[in-house]
Each structure stands twice: as C-alpha cells, then as structure tokens.
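Numbers for residues simply follow the sequence, beginning at 1. Computed from a prediction, not measured in an experiment: that's the story for all the values here.
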Amino acid sequence: RFYEGTFHGVDVVTLFSGVCKVNAALATQILIDSYQAGAVLNVGTAGALAPGLSVFYTVIATEAGYHDVSPEILTEFHPWLPAPVFPSDARLLALARQAAARGEHPVVFGRMVTGETFLADEGRREAIRAAWHPLSVDMETAAVAHVCYVNQVPFLAVRTLTDTADQRGAACFEQNCDKAAWIAKEVTRTLLETWRCQGL
C-alpha cells in the first residue's frame with residue numbers, strides 16, 4: 001500500500017516495502033514509475049558492524065553495497081559501476097548533515113551493506129568488516145540504491161541501529177526495533193524540515 005500526503009510540509013508517498021532485497025526493489029520501482037518520485041529515502045533499522053557504535057545511533061549512508069553479491073557482477077555487467085557501491089545523492093547528504101547538526105539523536109555517516117541474513121556468526125561478520133568496512137548492515141538498502149542508480153533518481157538511506165557489532169542480531173532486533181524505528185522517523189522528520197526550509 002502506498003500513502004500519499006504531506007509530512008512536515010513536504011509532499012511524500014510512503015510505504016512499508018517488506019523485508020528483503022526483491023521487495024525493496026519492487027517498491028522502489030513502483031515509486032519511480034507510478035509516482036514519479038523526485039527522490040527516494042530508505043528509512044528503517046540496521047545492525048551495527050563497525051566497532052564503537054551504540055544501539056539507537058542512526059547511520060546515514062554515504063554509499064551502499066551488497067555483501068552477498070560478487071563485486072564483478074556490478075562492475076563487469078549492468079549497471080557497470082566504477083566500484084561495487086551505489087553512492088548517495090550529494091545534495092541529500094548535504095541536507096542530512098545539516099539536519100543531523102540540528103537533531104537530538106546521534107547520527108553518523110558512512111557505508112552501509114546489504115544481505116539477506118542476520119549475521120549471527122562472528123566469522124562471517126569479521127569477513128564482511130574486512131571486505132567492506134561498513135558502519136551497518138541491513139536487508140534492503142543496497143537494493144533501493146541500485147534501483148535509484150539505474151533510474152537516475154536521488155537516493156538516501158536513514159537506518160537506526162538495533163544491535164551492536166558485539167551482539168547477536170535477531171534477539172536484539174526484536175527488543176529494540178520499535179524504538180529504533182521511531183528514532184529513524186524522527187531523524188527523517190528533521191531532514192524533511194530542513195528540506196522544506198530550503199524550498200526544495
């Protein structure tokens with residue numbers, strides 16, 4: 001279901017895509033095709049992979065990649081990326097940095113990675129850290145970024161952490177999901193207020 005309306009003075013279409021890359025990609029393409037989205041914000045929760053991040057910190061993606069897709073699939077085949085990550089929109093990132101400075105919740109900026117499993121195995125976590133150096137991991141962000149990249153639509157992701165690099169994902173996710181989602185919404189609200197104030 002897609003909901004059209006105004007959120008803090010900005011015209012928006014919102015939806016809950018469901019879990020996993022395919023659901024997120026389908027929803028993003030519908031947004032672009034049916035609603036002519038001028039930008040796509042992917043908002044939700046994530047798990048921390050970088051040391052030093054705490055539960056309820058919010059990560060805003062500077063770029064996003066897949067930790068479960070071979071890099072050459074993206075660089076040697078369509079969409080022929082120069083590197084196997086999808087960059088966030090520079091203007092949206094600038095707005096997000098302004099909003100983060102005004103907001104009440106801790107925000108960090110960096111790389112997100114996406115794959116379709118909770119990372120309970122420490123060896124796998126370490127391998128992903130070594131290969132990608134991400135701040136966070138989730139199951140949808142890179143897919144949304146991928147669709148936006150191909151369609152040349154500005155993209156940004158806002159993900160609040162439900163677990164740290166030293167905790168097991170699934171149990172902490174269940175415990176912290178509601179509060180983390182609320183914080184992600186508040187960070188997005190401040191971002192949209194900044195957007196409106198600049199007349200974008």
Side-chain angles (χ1 to χ4, degrees), residues 2 4-17 21 23-46 50 57-67 69 71 74-75 78-103 105-114 132-161 183-200:
F2 294 76
E4 295 181 81
T6 302
F7 188 68
H8 293 280
V10 179
D11 293 333
V12 297
V13 179
T14 64
L15 70 136
F16 175 67
S17 72
K21 293 181 287 190
N23 283 330
L26 285 168
T28 305
Q29 193 64 57
I30 292 170
L31 273 176
I32 293 168
D33 289 343
S34 298
Y35 297 94
Q36 293 75 52
V40 173
L41 302 180
N42 175 233
V43 181
T45 63
Y57 273 46
T58 297
V59 178
I60 295 181
T62 56
E63 58 189 7
Y66 300 109
H67 69 73
V69 174
L74 298 171
T75 58
H78 186 271
W80 299 286
L81 294 169
V85 290
F86 302 96
S88 298
D89 180 72
R91 186 177 67 166
L92 291 177
L93 270 175
L95 284 174
R97 293 185 190 279
Q98 293 176 39
R102 296 175 49 223
H105 303 282
V107 175
V108 293
F109 291 80
R111 177 180 290 176
M112 294 181 182
V113 291
T114 293
W132 292 97
H133 308 288
L135 296 187
S136 65
V137 61
D138 63 68
M139 297 186 185
E140 297 84 22
T141 295
V144 177
H146 191 155
V147 174
C148 288
Y149 180 88
V150 171
N151 286 276
Q152 298 183 341
V153 171
F155 158 83
L156 189 71
V158 177
R159 294 276 185 156
T160 300
L161 300 176
I183 292 171
K185 182 266 296 182
E186 287 296 293
V187 172
T188 303
R189 176 184 59 80
T190 305
L191 172 59
L192 291 176
E193 287 176 344
T194 305
W195 182 308
R196 180 196 63 202
C197 290
Q198 297 202 11
L200 301 175

Chemist: Taking all heavy atoms of Phe155 and all of Pro87, pick out the closest pair and write down the distance.
Modeler: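 Here Phe155 and Pro87 meet closest at CD2-O, 4.5 Å.
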Chemist: Could you walk me through whether Tyr66 and Leu74 pass the side-chain contact (heavy atoms from CB on, under 4.5 Å) test, one step at a time?
Modeler: CA-CA 10 Å; Tyr66 300 109; Leu74 298 171; 3.8 Å; yes
Chemist: What pairs with Ala61 under side-chain contact (heavy atoms from CB on, under 4.5 Å), at least two apart in sequence or on another chain?
Modeler: Ser88, Met112, Ala157
Chemist: Rounded to the nearest 0.5 Å, what's the gap from CZ on Phe2 to CG on Leu15? Could you check?
Modeler: 5.0 Å
Chemist: Output all residues satisfying side-chain contact (heavy atoms from CB on, under 4.5 Å) with Gln152, sequence neighbours left out; order by chain, then residue number.
Modeler: none
Chemist: With a cut-off of 3.5 Å and sequence neighbours excluded, list every side-chain donor-acceptor pair involving residues 33-41.
Modeler:
unit_1 : atom_1 : unit_2 : atom_2 : d
Asp33  : OD1    : Gln29  : NE2    : 3.1
Asp33  : OD2    : Gln29  : NE2    : 3.3
Gln36  : NE2    : Asp33  : O      : 2.9

Chemist: With sequence neighbours excluded, tell me which residues meet side-chain hydrogen bond (donor to acceptor under 3.5 Å, both in side chains) with Thr141.
Modeler: Asn42, Asp138, Arg159
Chemist: To the nearest 0.5 Å, what is the distance between OG1 on Thr45 and CD on Glu140?
Modeler: 8.0 Å
Chemist: Look up atom OG1 in Thr114 and atom NE2 in His67, then write down how far apart they are to the nearest 0.5 Å.
Modeler: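 NE2 of His67 is found 7.0 Å from OG1 of Thr114.
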Chemist: How long is the straight-line distance from CZ of Phe7 back to OG1 of Thr14, given to the nearest 0.5 Å?
Modeler: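 Between Thr14 OG1 and Phe7 CZ, I get 9.0 Å after rounding to 0.5 Å.
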Chemist: Return the minimal non-hydrogen interatomic distance between Pro154 and Cys148, and the atom names on each side.
Modeler: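 Answer, listing the atom of Pro154 first, then Cys148: O-SG, 4.4 Å.
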Chemist: Who are the ring pair (Phe, Tyr, Trp, His ring centres under 6.0 Å) partners of Phe86, not counting sequence neighbours?
Modeler: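 Per chain and number, Phe86 pairs via ring pair (Phe, Tyr, Trp, His ring centres under 6.0 Å) with His146, Tyr149.
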Chemist: Rounded at 0.5 Å granularity, tell me how far CG in Leu192 sits from NZ in Lys185.
Modeler: 11.5 Å
Chemist: Could you tell me which residues satisfy side-chain contact (heavy atoms from CB on, under 4.5 Å) with His133, sequence neighbours excluded, listed by chain and number?
Modeler: none
Chemist: Mind checking the CG-OG1 spacing from Leu81 to Thr75? Nearest 0.5 Å is all I need.
Modeler: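 With rounding to 0.5 Å, CG (Leu81) is 7.5 Å from OG1 (Thr75).
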Chemist: For residues Val85 and Gly65, report the shortest heavy-atom separation together with the two atoms involved.
Modeler: CG1-CA, 4.3 Å
Chemist: What heavy-atom pair brings Ala184 and Gly44 nearest, and what distance separates the two atoms?
Modeler: CB-O, 3.4 Å
Chemist: If the condition is side-chain contact (heavy atoms from CB on, under 4.5 Å), which residues does Ala96 pass it with, not counting sequence neighbours?
Modeler: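 So Ala96 forms a side-chain contact (heavy atoms from CB on, under 4.5 Å) with Ile60, Phe109, Leu156, Leu191.
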Chemist: Among all residues two or more places apart in sequence or in another chain, which pass the salt bridge (Lys or Arg N to Asp or Glu O under 4.0 Å) test with Glu193?
Modeler: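 Expected list: Arg102, Arg189.
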